[in-house]
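First comes the structure, then the notes that go with it.
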Amino acid sequence: MIIITLRYFASLREQIGRSQETLTLTDSITVLDVWQKVHQTPLPDNTLIAVNMEYVERMHYICDGDEVAFFPPVTGG
Amino acid sequence: MIIITLRYFASLREQIGRSQETLTLTDSITVLDVWQKVHQTPLPDNTLIAVNMEYVERMHYICDGDEVAFFPPVTGG
Amino acid sequence: MTIKIVETVFEPFQEIHAFQMQLALNGKFGATSIFIGTMRDFNEGDQVHAMTLEHYEGMTQKQLEKIIEIAKDKWTILEALIVHRIGDILPSEPIVLIAIWSAHRADAFDACQYIMEELKSNAPFWKRETLNSNQTRWVVKNTDSSANQK
Amino acid sequence: MTIKIVETVFEPFQEIHAFQMQLALNGKFGATSIFIGTMRDFNEGDQVHAMTLEHYEGMTQKQLEKIIEIAKDKWTILEALIVHRIGDILPSEPIVLIAIWSAHRADAFDACQYIMEELKSNAPFWKRETLNSNQTRWVVKNTDSSANQK
């Protein structure tokens with residue numbers, strides 16, 4: 001069994017209406033599939049994805065215990 | 001009659017042994033000719049020349065009252 | 001190499017001065033290149049009267065450390081300081097400070113600009129502006145890194 | 001735009017801070033790019049324990065003003081400060097400070113680096129180093145402006 005934490009930031013967090021949730025899966029799937037499973041909508045085009053605080057591509061497969069974050073383009077500095 | 005002030009800086013000043021002198025001429029000549037007239041040696045290769053505190057080429061003609069400066073490559077900053 | 005994420009207003013020159021004082025680098029560095037980003041009271045044609053900076057705690061530090069490591073691989077730098085503000089910010093308050101110490105100037109200049117551009121592209125910070133109308137909006141995109149030469 | 005030639009040691013962060021305080025630019029500038037050149041205790045493989053900086057008074061100011069004017073034509077900058085030391089200098093003392101304020105970062109970065117390079121090439125300053133052996137020598141050539149990327 002694979003349990004992951006999902007996190008959302010900034011405008012995406014506001015649109016989704018929550019900052020964090022937990023997802024339990026039977027198999028490893030890609031981060032893109034994680035999004036589609038939870039949200040049933042296409043991942044917005046510019047969305048950045050991090051797993052355990054490192055950027056990943058959409059086809060990155062998750063592992064048990066991962067923290068998967070979705071957020072819009074960054075605007076710091 | 002043309003009276004100009006010559007100035008020397010840094011290592012060139014030390015080699016020449018003075019920082020300033022006055023030269024009186026009957027005609028306008030180039031700054032290179034000014035050097036040769038006073039020093040009877042070729043102008044050292046890297047020497048920079050300024051007239052009234054603006055860089056000039058070696059073929060620049062002097063005018064009465066000019067301040068003509070000769071100095072090595074600059075090394076500030 | 002020091003990274004500080006701060007929730008209250010900071011005084012950039014005091015930060016650099018204090019950091020420099022405790023470095024054992026007297027006589028070793030010939031160049032310090034510094035960038036300070038400050039909140040303006042305008043953006044994209046609108047008056048802005050406040051801003052909130054959100055970040056992804058933990059990832060921010062991790063990404064900034066990685067950026068500094070890459071810069072250290074590319075250039076010969078002696079020390080680096082990054083200070084970044086989060087939380088509620090008012091116009092004319094500093095947002096970010098980057099300071100690089102090196103023996104020679106080209107390394108300091110290049111590393112400082114590199115770190116700033118990488119921070120803008122990769123460090124997980126997000127700005128929400130409050131306009132003079134009290135409307136809020138998320139800043140969608142950072143400005144370009146290249147100047148339009150006149 | 002301010003140019004200061006100073007004969008005694010200056011504190012760069014205090015200079016920038018004081019200069020910035022009297023600018024009526026609160027909320028207008030988003031970027032400050034700063035370069036500080038500091039005397040090292042080594043150069044070209046030798047230990048250096050003192051330095052004397054000679055300049056061509058009058059021409060120095062004229063050349064630095066011209067460099068700032070050209071930078072203002074090339075980039076959109078709000079303010080510029082140059083402080084340059086002359087006279088007897090000891091290791092770890094600042095030699096030069098350049099600070100540029102602009103709305104956007106690329107202008108500040110590019111103008112600051114441009115002014116520094118132009119100052120190095122054209123402002124009539126000359127350094128004479130005193131080595132640990134008490135020999136003195138004129139610095140013959142400034143180092144290159146480009147970093148050797150590793």
Side-chain angles (χ1 to χ4, degrees), chain A residues 2-23 28-36 38-39 41-77, chain C residues 3 5-6 35-40 43-44 48 51-67 69 82-87 89 94-98 112-129 136-145:
Chain A
I2 291 172
I3 303 175
I4 61 172
T5 304
L6 304 186
R7 297 188 67 179
Y8 311 108
F9 290 91
S11 55
L12 204 59
R13 171 178 53 74
E14 288 190 341
Q15 282 154 32
I16 292 166
R18 55 190 181 275
S19 61
Q20 188 161 334
E21 62 193 306
T22 302
L23 182 66
S28 178
I29 60 175
T30 67
V31 290
L32 181 61
D33 289 339
V34 166
W35 172 276
Q36 273 153 354
V38 176
H39 298 283
T41 55
L43 183 66
D45 262 355
N46 293 324
T47 305
L48 299 171
I49 310 169
V51 170
N52 303 329
M53 304 181 178
E54 301 279 0
Y55 286 104
V56 297
E57 299 298 319
R58 290 163 179 233
M59 291 302 124
H60 180 92
Y61 278 83
I62 51 130
C63 299
D64 184 40
D66 278 353
E67 173 170 299
V68 182
F70 297 93
F71 46 80
V74 301
T75 56
Chain C
I3 295 164
I5 309 296
V6 297
F35 180 80
I36 300 163
T38 303
M39 189 186 158
R40 291 175 317 210
N43 193 28
E44 312 216 337
V48 181
M51 192 164 78
T52 302
L53 244 158
E54 180 174 335
H55 83 136
Y56 182 176
E57 187 163 359
M59 181 165 175
T60 308
Q61 287 83 347
K62 208 167 180 171
Q63 288 300 312
L64 293 177
E65 278 164 24
K66 188 188 264 186
I67 292 167
E69 286 312 309
I82 301 180
V83 183
H84 203 294
R85 184 72 188 282
I86 55 170
I89 306 183
I95 299 168
V96 61
L97 161 65
I98 298 173
C112 186
Q113 191 159 13
Y114 173 83
I115 290 171
M116 185 59 196
E117 297 310 327
E118 289 296 301
L119 182 154
K120 284 257 176 193
S121 313
N122 295 321
F125 293 104
W126 301 273
K127 288 177 183 147
R128 194 182 52 201
E129 299 174 331
T136 65
R137 68 179 179 199
W138 290 94
V139 175
V140 174
K141 199 172 151 293
N142 267 330
T143 52
D144 203 21
S145 63

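Each chain gets a letter, A, B and so on, in the order the sequences are listed, and its residues count up from 1.
For C:Q61, no part sits under 4.5 Å from any heavy atom of chain A, backbone or side chain. Neither the backbone nor the side chain of C:T60 comes within less than 4.5 Å of any heavy atom of chain A.
A:V74 and C:N122 get closest at one heavy-atom pair: CG2-N, 3.9 Å. The minimum heavy-atom distance between C:L119 and A:G76, with the atom names listed, is CD2-C, 4.1 Å. Minimum heavy-atom separation, A:T75 to C:V139: CG2-O, 3.3 Å. Listed here is the closest heavy atom pair of C:W126 and A:A10: CG-CB, 3.4 Å. Across all their heavy atoms, A:G77 and C:K127 have their closest contact at O-NZ, 2.7 Å.
Taking CD from A:E14 and CZ from C:R128, the interatomic distance works out to 5.5 Å, rounded to the nearest 0.5 Å. How far NZ of C:K66 is from CE of A:M53: 12.5 Å, rounded to the nearest 0.5 Å. Between the OH atom of A:Y55 and the NZ atom of C:K62 there is a distance of 12.5 Å, given to the nearest 0.5 Å. Residue A:F71 holds its CZ atom at 4.0 Å from CE of C:M59, rounded to the nearest 0.5 Å.
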